[in-house]
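Naming convention: chains lettered A, B, ... in sequence-line order (proteins, then strands); numbering from 1 in each chain. Keep in mind that the numbers below use all heavy atoms, side chains included, and drop hydrogens, waters and symmetry copies.
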There are 2 protein chains.
Amino acid sequence: MALTEYFVRYLQRRDTLTDDDLARLRSVPTEIRSFQPGDEIVPAGPNKTRSCLILKGMAGRLHLLPGRSAQRVITALHVPGDFVDLHAFVLHGIEHSVVAVGPAEAEFIGHDELTEITENYPHLTRLLWMSTAIDAAIHRQWLVAANALRSSAHLAHLVCEIYTRLMAVGAARDYRLTLPLLQRELADILGYSSIHINRAVRDLRDRELLRWTGTDIEIIDWPGLVRLARFDPEYLDLERRRR
Amino acid sequence: MALTEYFVRYLQRRDTLTDDDLARLRSVPTEIRSFQPGDEIVPAGPNKTRSCLILKGMAGRLHLLPGRSAQRVITALHVPGDFVDLHAFVLHGIEHSVVAVGPAEAEFIGHDELTEITENYPHLTRLLWMSTAIDAAIHRQWLVAANALRSSAHLAHLVCEIYTRLMAVGAARDYRLTLPLLQRELADILGYSSIHINRAVRDLRDRELLRWTGTDIEIIDWPGLVRLARFDPEYLDLERRRR
DNA sequence: ACTGGAACTCAATATTTGTTAGACCCCCGG
DNA sequence: CCGGGGGTCTAACAAATATTGAGTTCCAGT
């Protein structure tokens, strides 16, 4: 199988790919697999030999804490086009697992291919590096949101970000999105109890900022949601630029 | 001025540098500057043409939130040897400023040099990439700590991490370290009020885990501190390995 | 249609954290 | 020697969030 177009679009959104770059990307052999909700796409651990991209659905980075209480923390959410565990290429492994949230499809690429790209395609290499740098910027924004926002605003921030990221790859429009997350999983992401997530959802509904039933969200008042969340998409680096 | 040895040590701790790699690193021209506590080392904004390494003291990544309350969040702390804003090389700029915490010294490197390295030194390129990937892993661990730990344990986690990172570059030993942070700044890092930070510091003292006066910390009970913080240095990727 | 489980909803209560206000202490300039 | 400012520390009270337990809805399987 050849590398699908999602990641190509992700890159072209931010830079111009040369014909050589494109040809090299399209020549990468990949394996595509499907996953059920909760399935482990990549287990935590050292010595990875490949990394994966999301094709359909969503994936999360799940950290399991040692100790009796078995706490779960999800430190990242990934949408189609995201090169989820690309960082495992330069690290000794990953300290978290990657799990499917909702039904999902992922595409695997061998690290030998990536090594060859870093040896001969410097521009492409910088773009791969950029992709991991954007993930890091998202991590920082999550830290900012966690420290500065109250539960409702914090939840609103997540909705704003995911909608913007889905829009950027053409996977959402008309202020509608599917968020295949249980309230319990939202709790693992935002660091609240699931009961408190429930309060926050109710609050956003009561303020008439959005409609939220099950996994379907319709944003009614985008400016209001953005204001409450103090959302500024700057950190997603969506501008086209020479890298 | 030639690139100082701190970053070289940072890399050699994790991989073996070839003579070519070493020679190229040492040929990088740099500018060294000193900063007073609170000084802005790098302003937030787009189109950066160089990035900086910490030589002495510490630096933080400061995010200022729009809005009347002027909230401050510090999303990262950097110690000597850290290539603080290397990610600005592949992004369109940085969405936060870099400020000195305590008196500090930093070394600046032009992005043209980095571009040349990515064109001709693939192994070195992967190591630079690794450095930003480790920063991202630290971001994730901070998210885990923020979501899973209570104030005292959260503060203990920060102390464990900083001590480990200082040890790794030879800037701390004998369970003693200098943390040039006001309690107000610790509040900006951990997301609590400064009064609550005070409570947490007192709590760690009362549990006889450490002595903490001003900026000087002496860890009395390292195993106890590690247990409370559930600290596992795995994410700092301190193993030597071919990349 | 029944049934069981899982998720969502809600209220009462406990714990954690924030806010306000002030005391203490040390350093430094007048 | 005195006085002011900033940082640290403490207490009392207020607000946010967690926990527990129970009721409700929804859906898959029988």
C:dC8 phosphate, OP1 or OP2, under 4.0 Å from A:Asn198 side-chain N/O: no
Only one of B:Arg173, B:Arg205, B:Arg176 passes salt bridge (Lys or Arg N to Asp or Glu O under 4.0 Å) with B:Glu218; say which it is. B:Arg176
CG of B:Asn147 versus C1' of D:dT17: gap in Å, rounded? 13 Å
Rounded to the nearest Å, what distance is computed from the CH2 atom of residue A:Trp212 to the P atom of nucleotide C:dC8? 10 Å
Closer than 4.0 Å, any side-chain N/O of A:Gln183 to the OP1 or OP2 of C:dT9? yes
Between A:His157 and A:Tyr235, what is the ring plane arrangement, given parallel below 30°, perpendicular above 60°, and tilted in between? parallel
Just checking, is any N or O donor in the side chain of B:His196 or B:Ser151 under 3.5 Å from an acceptor N or O on the other one? yes
From the set C:dT19, D:dA18, C:dG18, return the single nucleotide nearest to any side-chain atom of B:Arg150. D:dA18
Can you tell me the distance, in whole Å, between the CG atom of B:Asp206 and the P atom of D:dC9? 11 Å
In terms of side-chain heavy atoms of B:Arg205, which of D:dC9, C:dT20, C:dA7 is nearest? D:dC9
Nearest listed nucleotide, side chain of B:Leu182, among D:dA11, D:dT8, C:dG18: D:dT8
Rounded to the Å, how far apart are A:Arg184 CZ and C:dC8 P? 8 Å
Can you tell me the distance, in whole Å, between the CG atom of A:Leu186 and the C1' atom of C:dT9? 15 Å
Counting only side-chain heavy atoms from C-beta out, which of D:dT20, D:dA18, C:dG18 sits nearest to B:Arg199? C:dG18
What is the distance, rounded to the nearest whole Å, between atom CG of B:Asp203 and atom C1' of C:dT17? 14 Å
Can you work out whether B:His196 or A:Arg202 has the more 5'-proximal nearest nucleotide on DNA chain C? A:Arg202
Heavy-atom count check: over 12 atoms from other residues, nucleotides or ligands less than 6.0 Å from A:Lys56 NZ? no
With a 3.5 Å cut-off and no angle check, do the side chains of A:Ser194 and A:Gln183 form a donor-acceptor pair? no
Checking contacts here: which listed nucleotide (C:dT17, D:dT17, C:dT19) is nearest the side-chain heavy atoms of B:Ser151? C:dT17
Spacing of B:Leu190 atom CG relative to C:dT17 atom P, expressed in whole Å: 11 Å
Taking CD1 from A:Ile195 and C1' from D:dA22, how many angstroms apart are they, rounded to a whole number? 12 Å
